[in-house]
Colleague: 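To start, I am sharing the structure in question, which I have written as structure tokens.
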Amino acid sequence: MGAALNIFNQKNINKQEMKEKVKHLVALSVANNGDGGYSGTWAEKRGDCIDFIDIKPFTNLDEAEQYLDCNCDKWGAILVVPYEINIENKLVTGYLAGALCSE
């Protein structure tokens, strides 16, 4: 069975707020898709298995997504990485969450 990376991006948010948003995303996915396996959605993950990676914030979203793609595990936790991106001379901060789910 294959796997695909699901991504969730939130700008201008702190760590605790991101944790709550990810938990809500998982709960909403469970409500819409059930909590059985192989749905290909966030419902495959558990909202309490969220690992914030202690890493220097990414300055490029593509690099952050590549990091998640290389480090997420189909049976592992949701991984979350920080980013700080300069857009039109304005610093935008946030978090990118990734979960490897079945295809």
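In this text the structure is predicted, and so the values were computed from the model without any measurement.
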Colleague: Who pairs with Gln16 by side-chain hydrogen bond (donor to acceptor under 3.5 Å, both in side chains), at least two apart in sequence or on another chain?
Modeller: Glu20
Colleague: Would you say Cys101 and Lys74 make side-chain contact, with heavy atoms under 4.5 Å?
Modeller: no
Colleague: For residues 82-103, pull every pair meeting ring pair (Phe, Tyr, Trp, His ring centres under 6.0 Å), keeping only residues two or more places apart or in separate chains.
Modeller: Phe52-Tyr95
Colleague: To the nearest 0.5 angstrom, please state how far the CG atom of Asn12 sits from the CD atom of Glu17.
Modeller: 10.0 Å
Colleague: Which atom pair, heavy atoms only, marks the closest approach of Val92 to Lys11?
Modeller: CG1-CD, 3.6 Å
Colleague: When rounded to the nearest 0.5 angstrom, what distance separates CG in Leu25 from CE in Met18?
Modeller: 8.5 Å
Colleague: Check which hydrophobic residues are tied to Leu91 through side-chain heavy-atom contacts below 4.5 Å, counting indirect links as well, and list them.
Modeller: none
Colleague: Answer yes if Phe58 and Leu96 sit in the same cluster of Ile, Leu, Val, Met, Phe, Trp and Tyr residues linked by side chain heavy atoms under 4.5 Å apart, and no otherwise.
Modeller: yes
Colleague: How far apart are the closest heavy atoms of Pro57 and Glu84, and which atoms are they?
Modeller: CB-CG, 3.7 Å
Colleague: Quick one: closest heavy-atom pair of Trp42 and Ala97, and the distance?
Modeller: CH2-O, 3.9 Å
Colleague: Would you be so kind as to tabulate the donor-acceptor pairs closer than 3.5 Å made by side chains of residues 59-73, with sequence neighbours excluded?
Modeller:
residue: Asn60; atom: OD1; partner: Asp62; partner atom: N; Å: 2.7
residue: Asn60; atom: OD1; partner: Glu63; partner atom: N; Å: 3.0
residue: Asn71; atom: ND2; partner: Tyr67; partner atom: O; Å: 2.8
residue: Asp73; atom: OD1; partner: Trp75; partner atom: N; Å: 2.7
residue: Asp73; atom: OD1; partner: Gly76; partner atom: N; Å: 3.1

Colleague: Quick test of your reading: applying ring pair (Phe, Tyr, Trp, His ring centres under 6.0 Å), list the pairs with at least one residue in residues 4-23, sequence neighbours left out, ordered by first then second residue.
Modeller: none
Colleague: Would you give the length of the straight line joining atom CD1 of Ile50 to atom CD1 of Ile78, rounded to the nearest 0.5 angstrom?
Modeller: 5.0 Å
Colleague: Provide the closest heavy-atom pair for Gly40 versus Asn6 in the form atom of the first, atom of the second, distance.
Modeller: O-ND2, 3.4 Å
Colleague: Is there a side-chain contact between Leu5 and Ile7, using heavy atoms and a 4.5 Å cut-off?
Modeller: yes
Colleague: Give, for atom NZ of Lys90 and atom CG of Asn86, the distance between the pair rounded to the nearest 0.5 Å.
Modeller: 11.0 Å
Colleague: Side-chain heavy atoms nearer than 4.5 Å, only ILVMFWY residues, links allowed to pass through others: does that put Val22 and Leu100 together?
Modeller: no
Colleague: Are Leu79 and Val26 grouped together when hydrophobic residues (ILVMFWY) are joined by side-chain heavy atoms under 4.5 angstrom apart?
Modeller: no
Colleague: Please determine whether residues Ile55 and Ile13 belong to a single hydrophobic cluster, defined as Ile, Leu, Val, Met, Phe, Trp and Tyr linked transitively by side-chain heavy-atom distances below 4.5 Å.
Modeller: no
Colleague: Between the side chain of Glu44 and the main-chain N/O of Ser39, is any donor-acceptor distance below 3.5 Å?
Modeller: yes
Colleague: Suppose we screen for side chain to side chain contact (heavy atoms under 4.5 Å, CB included). Which residues come up paired with Ala77, at least two apart in sequence or across chains?
Modeller: Cys49, Asp51
Colleague: Taking all heavy atoms of Ala43 and all of Gly34, pick out the closest pair and write down the distance.
Modeller: CB-O, 3.4 Å
